[in-house]
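Everything below concerns the one structure shown next.
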Amino acid sequence: MNRLGDKKVYFDSANHTLEDLLFLKKMIEEGHLSTYIDKTFPLEKIVEAHKYVELGHKKGNLVITMDHD
């Protein structure tokens, strides 16, 4: 979904082309697109992250972190 005027752009996370990614990169670099990170969960709490979304608490993006040993 793409809305003009207030510059809100919504993308799903699958089947993007290189051109799509380059367009997003340009929009971010030019300051036309920003993200809002609502909350961060470690991978061990993925169940809680899903519940957070399902209960309607999510206001922005969630980030799932993974430890690198």
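Along the sequence shown, residues carry numbers from 1. Only heavy atoms go into these numbers, but all of them, side chains included; no hydrogens, no water, no symmetry mates.
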Under the side chain to side chain contact (heavy atoms under 4.5 Å, CB included) test, residues paired with [X] that sit two or more places apart:
X	value
Leu43	Ile64, Met66
Glu54	His50
Lys25	Glu29

For this session: Identify, with sequence neighbours excluded, every residue that meets side-chain hydrogen bond (donor to acceptor under 3.5 Å, both in side chains) alongside Thr35.
Result: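 Not a single residue meets the side-chain hydrogen bond (donor to acceptor under 3.5 Å, both in side chains) criterion with Thr35.
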Exercise. Looking only at atom types and distance, does a side-chain atom of Asp38 sit under 3.5 Å from a main-chain N or O of Lys59, one as donor and one as acceptor?
Worked result: yes
Problem set entry | Residues which pass ring pair (Phe, Tyr, Trp, His ring centres under 6.0 Å) with Phe41, listed by chain and number, not counting sequence neighbours |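 Partners of Phe41 under the ring pair (Phe, Tyr, Trp, His ring centres under 6.0 Å) test: Tyr52.
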Problem set entry | Separation between CD of Glu30 and CG of Leu33, rounded to the nearest 0.5 Å | 11.0 Å
Exercise. Nearest 0.5 Å, what's the NE2-NZ distance between His57 and Lys39?
Worked result: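 Answer rounded to 0.5 Å: 9.0 Å.
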Problem set entry | Derivation and outcome, side-chain contact (heavy atoms from CB on, under 4.5 Å), residues Leu21 and Thr17 | CA-CA 7 Å; Leu21 297 175; Thr17 65; over 6 Å; no
Problem set entry | For Val63, the rest of its hydrophobic cluster, which grows through side-chain links under 4.5 angstrom | Ile37
For this session: For residues Lys58 and Leu62, report the shortest heavy-atom separation together with the two atoms involved.
Result: CD-CG, 4.3 Å
Exercise. Side-chain heavy atoms under 4.5 angstrom apart, residues restricted to Ile, Leu, Val, Met, Phe, Trp, Tyr: same cluster for Val53 and Val47?
Worked result: yes
